[in-house]
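Heads up: the structure comes next, in structure tokens.
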Amino acid sequence: MTGAGSSKPDLWWRKGVIYQIYPRSFQDSNGDGIGDLEGVRQRLDYLVWLGVDAIWISPFYPSPMHDFGYDVADYCGVDPMFGTLESFDAVVADAHARGLRIILDFVPNHTSIEHPWFQESRTGQGPRRDWYIWRDAAPSGGPPNNWISNFGGPAWSFDAVRGQYYHHAFLPEQPDVDWRNPKLRDAMHEALRFWLARGVDGFRLDAVWHVVKDEALRDNPPNDTWTAKQPDIERLLQIHSADQPGAHEVIAGMRKVTEEFGERLVIAELYLPVDRIVAYYGEDLRGAHLPFNFQLIAAPWNAAGLGDLIEAYEAALPRGGWPNWVLGNHDRARIAARVGPAQARVAAMLLLTLRGTPTFYYGDELGIGEVEIPPDRIRDPWALREPGLGVGRDPERTPMQWDASPHAGFSTHEPWLPLTPDWASRSVAAQRADPASMLSLTRALLHYRRAHESLSLGTFRRLASEGDVLAYERRSGDEWTTVVLNLGASPTLWRPPVGSPGMTVVMSTHCDRSDEAVVEMLPLRGDEGVILAGEAR
Ligand code: GLC
Ligand code: CA
């Protein structure tokens, strides 16, 4: 059993659920086919109704949009496509009035090539000449080392203005800044303060495992298992270009800035193995409050594997480190596309009953699955740079589907990405009216979690199970909650462990069971998960 006594239960984000909004795709308010901040504001009541506690909004800063806003040209503004600072302030005010928190996406690793800092730096003159990672060509000509961009091709581009190469972990239009430079650090900290003073409740730090690179820029070693079916970035092992010890200090520095404003949440985006993720809680837990745990995104979907992974993660957490779980985001295939619509319901129950803060991705509450993107509508720069590998991120970025009006109530104009073929029925309006829909299930889970401290703050213990069944218990004081998930498509039985409390089924992923006492064995249908309430006896 893990978790007992290690938490300060007053912190909202331990109990709360975070909902990620990709603002291009949530709600368009001005008929250009692209979502915006005023659109987010108009939909806040929906989020309150759904039962989430905080929204994380992907970037809306001024940007040439080579990577849809993850290429920031001004850290302290709003792109006109998304609105104005006033529209942002209105989102914060209206969200706070409804008890919702706002988390911004901060992009510390790189700016846009159009950022004035880069424009100055490339001249090789002035106080910002060393704010980026500039190097001469290798003695033999070509890039200074063998590093590869996450989107394929060399991680170095030659700048004719300066006559040197600059480093970019992502697109050539996203030059990496140099966090070893104290002036750059100060400028980034000032940008954080700009938003903290406007009332934001926290930050998700983008690509933060990249912020510090090996000082000597040593070559990365080859990955001997790489095949041409994998993206270019996987050709090398990223041991010198990312996840360097200095990253922890950078995060601790940003966390400290947030603390000038009281308790604010710091989340770190990290694609790393578990033992590396947990290091990002930092020394004495001065790093990220929540180093994103993406294991459910990559895990093979079977009961034994998931059970082992959950226990291993719980065991790896540092003392006092609060866990978190993520099922999907704007960079990875949607959960319903990965495991199918039936298991997506089981996955929602898993996410919302595990110990740790869940991050829920917009549209997953409708069970949006695979969306086919016709070749002429592909927008993701990674898909365009490395076609045919299935790395495209457009399928998980399609517009939210609100109702059966034209363009699903998302816009009055053709949206920037297509809707699902079944959008008219796979919408908030349609699913709200159906008590067994994915939306109704998600809402019921969110509200049940909120009402039961065993599920938010309680301890976690895996229970014995066989075959396709994953079972665990959450407990807080006298409140026991047991979760039993059938990860397979065939009916099965689960036997509660000897000495279990009396248990009653309170919810099923099929939305048709409640008030049913468990007598010896619990029958489960294929693809069914249930929540059981137990009384200590
Ligand atoms: C993060 C973002 C991703 C973006 C990349 C570069 O991984 O989630 O969407 O492309 O950083 O900023
Ligand atoms: Ca718009």
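The model shown is predicted, which means the values in this text are computed figures rather than measured ones.
Side-chain atoms of P59 and V107, non-hydrogen and from C-beta on, do get closer than 4.5 Å to each other. The shortest side-chain heavy-atom distance between V72 and S63 does not fall under the 4.5 Å cut-off. Residues S476 and L457 fail the side-chain proximity criterion, which asks for heavy atoms closer than 4.5 Å. Under the 4.5 Å side-chain criterion, counting only non-hydrogen atoms from C-beta, Q431 is in contact with L366. A 4.5 Å side-chain heavy-atom check between C511 and P435 finds every atom pair outside the cut-off. Counting heavy atoms from C-beta on, the side chains of V428 and D403 never come closer than 4.5 Å. L419 has its side chain out of reach of T398: every pair of non-hydrogen atoms, C-beta onward, lies at least 4.5 Å apart. Residues V484 and L524 meet the side-chain proximity criterion, which asks for heavy atoms closer than 4.5 Å.
Using a 30° and 60° split on the angle between ring planes, H189 and W179 fall in the tilted class, from 30° to 60°.
Closest of all the heavy-atom pairs between D67 and P381 is OD1-CG, 3.9 Å. When all heavy atoms of L309 and Q295 are compared, the closest pair comes out as CG-OE1, 3.5 Å. G307 and L470 get closest at one heavy-atom pair: CA-CD1, 3.6 Å. Of all non-hydrogen atoms in L47 and I55, the two that sit nearest each other are CD1-CG2, 3.5 Å. Closest approach of P64 to E114, counting heavy atoms only: CB-OE2, 3.6 Å. The two atoms that bring F410 and G35 nearest to each other are CZ-N, 3.5 Å, heavy atoms only.
Looking at R101, its side chain never comes within 3.5 Å of a backbone N or O of D201 through a donor-acceptor pair. Here the side chain of D28 pairs a donor or acceptor atom with the backbone of D32 at under 3.5 angstrom. S411 contributes no side-chain N or O that, together with a main-chain N or O of G31, makes up a donor-acceptor pair within less than 3.5 Å. For S405 (side chain) and A408 (main-chain N/O), no donor-acceptor pair under 3.5 Å exists by modelled atom type. A distance-only check finds a donor-acceptor pair linking the side chain of N324 to the backbone of N293 [under 3.5 Å]. Here the side chain of S149 pairs a donor or acceptor atom with the backbone of F170 at under 3.5 angstrom. No side-chain donor-acceptor contact under 3.5 Å links Q174 to the backbone of T111. Judged by distance alone, the side chain of R14 and the main-chain N or O of W322 form no donor-acceptor pair under 3.5 Å. With hydrogens and angles disregarded, no donor-acceptor distance shorter than 3.5 Å links the side chain of H510 to the backbone of D512. Between the side chain of E528 and the main chain of R525, a donor-acceptor pair closer than 3.5 Å is present.
Note: H407 NE2 to Q401 CD = 13.0 Å, rounded to the nearest 0.5 Å. Note: L439 CG to D434 CG = 9.5 Å, rounded to the nearest 0.5 Å. Distance check: F460 CZ to L354 CG gives 6.5 Å after rounding to the nearest 0.5 Å. Separating the CG atom in L417 from the CG atom in D394 is a distance of 5.0 Å, to the nearest 0.5 Å. For the atom pair CG (L270) and CG (L272), the distance works out to 5.5 Å, reported to the nearest 0.5 Å. A distance of 9.0 Å separates CD in E386 from CD1 in I233, rounded to the nearest 0.5 Å.
Aromatic rings of Y46 and W402 (six-membered ring for Trp) have centroids within the 6.0 Å cut-off, being under it. Close placement of the H330 and Y70 rings is indicated, their centers lying within 6.0 Å of each other.
Using modelled atom types and a 3.5 Å distance limit, the side chains of Q343 and D527 yield a donor-acceptor pair. A side-chain donor-acceptor contact under 3.5 Å links T481 and S454. Q42 and S29 share no side-chain donor-acceptor pair at under 3.5 Å. Inspection of the H210 and N150 side chains reveals an N or O donor paired with an N or O acceptor under 3.5 Å. A donor atom on one side chain and an acceptor atom on the other are not found under 3.5 Å apart for D71 and S112. Under the 3.5 Å distance criterion, with hydrogens and angles disregarded, no donor-acceptor pair is assigned to the side chains of Q20 and N329.
Ion pairing between a basic and an acidic side chain is recognised when a charged N comes within 4.0 Å of a carboxylate O; D89 and R198 show such pairing. Under 4.0 Å is where a charged nitrogen must lie from a carboxylate oxygen, and between R334 and D364 at least one such pair does. With respect to the salt-bridge test (charged N to carboxylate O, under 4.0 angstrom), the residues R393 and D331 qualify. Comment: E365 does not engage R443 in a salt bridge, judged by the lack of any side-chain N to carboxylate O separation of less than 4.0 angstrom. Ion pairing of D380 with R385 is absent here, as no side-chain N (NZ or NE/NH1/NH2) approaches a carboxylate O to less than 4.0 Å. With respect to the salt-bridge test (charged N to carboxylate O, under 4.0 angstrom), the residues E259 and K256 do not qualify. R98 and D45 are joined by a salt bridge, as a carboxylate oxygen and a charged side-chain nitrogen come within less than 4.0 angstrom of each other. Using a 4.0 Å cut-off between charged side-chain N and carboxylate O, R474 and E479 make no salt bridge. Salt bridge annotation for R204-D206: present, with a cationic side-chain nitrogen under 4.0 angstrom from a carboxylate oxygen. Taking the charged nitrogens against the carboxylate oxygens, R24 and D36 have no contact shorter than 4.0 Å, which rules out a salt bridge.
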Inset, instruction - Check the pair N302, L487 against side-chain contact (heavy atoms from CB on, under 4.5 Å), reporting the backbone distance first and the verdict last. - result: CA-CA 6 Å; N302 66 72; L487 282 279; 5.8 Å; no
Inset, instruction - Apply side chain to side chain donor-acceptor pair (under 3.5 Å) to the pair Q27 and R43, showing each step before the final yes or no. - result: CA-CA 8 Å; Q27 176 67 57; R43 294 298 184 181; 2.7 Å; yes
Inset, instruction - I would like to know whether F203 and W195 meet ring-ring contact (aromatic ring centres under 6.0 Å, His included); could you show each step before the answer? - result: CA-CA 10 Å; F203 297 100; W195 295 106; 8.4 Å; no
Legend entry - Candidate pair V530 and T509, rule side-chain contact (heavy atoms from CB on, under 4.5 Å), full reasoning: CA-CA 6 Å; V530 298; T509 51; over 6 Å; no
Inset, instruction - Begin from the C-alpha positions of V200 and F261 and carry the test side-chain contact (heavy atoms from CB on, under 4.5 Å) through to its verdict. - result: CA-CA 10 Å; V200 308; F261 294 78; over 6 Å; no
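By the 6.0 Å and 45° rule, R332 stacks over the aromatic ring of Y271. Figure legend: cation-pi geometry between R397 and W416 absent, as NZ or CZ is not positioned both under 6.0 Å from the six-membered ring centre and within 45° of its axis.
Residues passing the ring-ring contact (aromatic ring centres under 6.0 Å, His included) test with Y75 are F106, H115, W117, sequence neighbours excluded. Here R41 pairs with E38, L44, A90, V91, D94 under the side chain to side chain contact (heavy atoms under 4.5 Å, CB included) rule; sequence neighbours left out.
Each of Y19, W13, F292 was checked for a ring pair (Phe, Tyr, Trp, His ring centres under 6.0 Å) with W56, and the lone residue meeting it is F292.
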